[in-house]
Amino acid sequence: MLLPETPDSLTLAADLLSAGKLVAFATETVYGLGADATQGQAVASIYNAKGRPSFNPLIAHFADASSAFAVVKADERATALAAAFWPGPLTLVLSRTTDCPISSLASAGLSTQAVRVPLVTDGFRALLRRFPGGIVAPSANPSGYLSPTTAEHVAAGLGEAVPLILDAGPCTAGLESAVVDLSGPDPRLLRHGALPVSSIEAVLRQPLTLDVDPAVKASPGQMTQHYAPNKPLFLGASRANADQAALVFQNATGFEDASVLEILSPSGSTIEAAANLFSALHRLDASNARSIVVSDIASEGLGAAINDRLRRAAAKRED
Ligand code: AMP
Ligand code: MG
């Protein structure tokens, strides 16, 4: 459904988002495909709608800087950049707070979370205020296609996969946000975007380390850093020993001896499994087991993306 942004359609959008459904909306950069950041299954359904082959971390959008900085650890660099450029096309990657309410799937299991205060209509900003945990949104296009800058682009690309597209006219910037990682000592540019590097450096009063992934051009959103547990991870297992932790999709048969067991989806849904993936891995990694074994997971639906992340986790931090 494509509706012009009005008080009524904004109310409908807020109700859909609260119910765990997806809503496409305009920002100054590109149209985003949004979900309530605190609902794991809603976040998982973004990857499903886009047909993303992997779980890349998502940007969480907030009404204002104080809401954004309630869920991540902001330092002076972050507050200075926020004061200079928010609302605007700058995304900051910061460490998650210990009680960060955002689904671990939105961070792809990493300890960092990307946050942004976009330039949106007053109506949409009021909607964002109703979601203090943020609205996560990648660009509202099928994976591998161009980012949409009009509501019609979204409808043509994603159509039925989005319950509601809010039309607020064409995007003014039409380019993605610049992504700056402030989670370490040196500020790093992870993605070029609608804000020039020189403007960011002027506020930081120091040069940015350019860490723009060469794969980004071929495959936007692809990134080298990914979650890997500390314990060895073995894929394709059909049983577990007593000193092993086990991760299974739906059926625990054969894994009865595991010291800890995580079932990704008792109902057999790959959306539910995706929503649980990283939190389950974190729990298994924190257990007393020596290693983690993982049963085969069928590649239907989000299964392919789950398997992609598990393969990367098993390969440790090699790429
Ligand atoms: P998109 O979802 O298409 O808007 O792209 C989001 C961009 O932000 C991608 O380039 C991601 O790699 C980057 N990003 C989001 N979250 C993080 C994070 N926690 N760490 C590093 N990069 C991130
Ligand atoms: Mg994109």
Side-chain angles (χ1 to χ4, degrees), residues 22 24-35 37 43-62 68 71-74 78 88-97 100 102-118 134-149 153-154 157-158 162 171 173-184 186-195 208-228 278 305 308-309 312 317 319:
L22 304 182
F25 62 96
T27 72
E28 79 282 42
T29 59
V30 300
Y31 271 75
L33 182 59
V43 178
S45 65
I46 289 179
Y47 296 95
N48 198 41
K50 280 181 68 92
R52 267 203 182 171
S54 182
F55 299 122
N56 301 310
L58 302 176
I59 300 168
H61 299 76
F62 296 87
V71 302
V72 288
K73 296 178 191 157
L90 175 68
T91 294
L92 300 178
V93 173
L94 293 160
S95 295
R96 293 166 64 106
T97 55
C100 180
I102 297 180
S103 156
S104 58
L105 183 61
S107 292
L110 300 172
S111 58
T112 55
Q113 175 64 50
V115 297
R116 179 164 101 85
V117 175
I135 296 290
V136 281
S139 51
N141 53 282
S143 183
Y145 286 77
L146 280 180
S147 295
T149 53
H153 291 162
V154 181
L158 292 175
V162 199
C171 303
L175 256 188
E176 274 95 351
S177 58
V179 180
V180 174
D181 184 349
L182 295 177
S183 64
D186 299 322
R188 295 185 303 142
L189 183 80
L190 301 185
R191 179 172 78 183
H192 287 286
L195 190 64
L208 280 172
T209 304
L210 297 193
D211 202 1
V212 179
D213 191 325
V216 161
K217 256 196 203 136
S219 164
Q222 210 61 42
M223 51 175 288
T224 48
Q225 204 203 1
H226 57 82
Y227 169 72
F278 292 107
D308 171 82
R309 281 292 143 175
R312 290 167 193 257
R317 297 169 203 270
D319 62 332

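Both counts, for ligands and for their atoms, begin at 1 and track the order of listing. Values below: all heavy atoms of this structure, side chains included; hydrogens, waters and symmetry mates excluded.
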Open item on the list: So for ligand 1, is R52 a polar contact partner (N or O within less than 3.5 Å, distance only)?
Closed with: yes
TODO: Kindly confirm whether the Mg ion (ligand 2) is within less than 2.8 Å of some N/O/S atom in S139?
DONE: yes
Open item on the list: What I want to know is whether E176 and ligand 1 share at least one N or O pair that is separated by under 3.5 angstrom.
Closed with: no
Task: Evaluation steps, side-chain hydrogen bond (donor to acceptor under 3.5 Å, both in side chains), between T91 and R191 - done: CA-CA 9 Å; T91 294; R191 179 172 78 183; 5.1 Å; no
Open item on the list: Ignoring hydrogens and geometry beyond distance, is a side-chain donor-acceptor pair present between D211 and T209 at under 3.5 Å?
Closed with: no
- [ ] Have a look at A140, A114, S177 and point out the one with the heavy atom closest to atom 16 (N) of ligand 1.
- [x] A114
- [ ] Please state whether V93 comes within less than 4.0 angstrom of ligand 1, counting heavy atoms only.
- [x] yes
- [ ] State whether the side chain of S103 and the backbone N or O of L105 hold a donor-acceptor pair below 3.5 Å, judged by distance alone.
- [x] yes
TODO: Show which atoms of ligand 1 fall inside a sub-4.0 Å distance from at least one heavy-atom site of P138.
DONE: 2 (O)
TODO: Answer side chain, backbone, both or neither: which part of L190 comes under 4.0 Å from ligand 1, heavy atoms only.
DONE: side chain
Open item on the list: Looking at E28 and R116, is any side-chain nitrogen of the basic one under 4.0 Å from a carboxylate oxygen of the acidic one?
Closed with: yes
Open item on the list: For I59, state whether at least one heavy atom is located under 4.0 Å from any atom of ligand 1.
Closed with: yes
Open item on the list: So is N56 touching ligand 1 or not, going by heavy atoms under 4.0 Å?
Closed with: no
TODO: May I ask you to identify, for T112, whether its side chain, its backbone, both or neither come under 4.0 Å of ligand 1 on a heavy-atom basis?
DONE: both
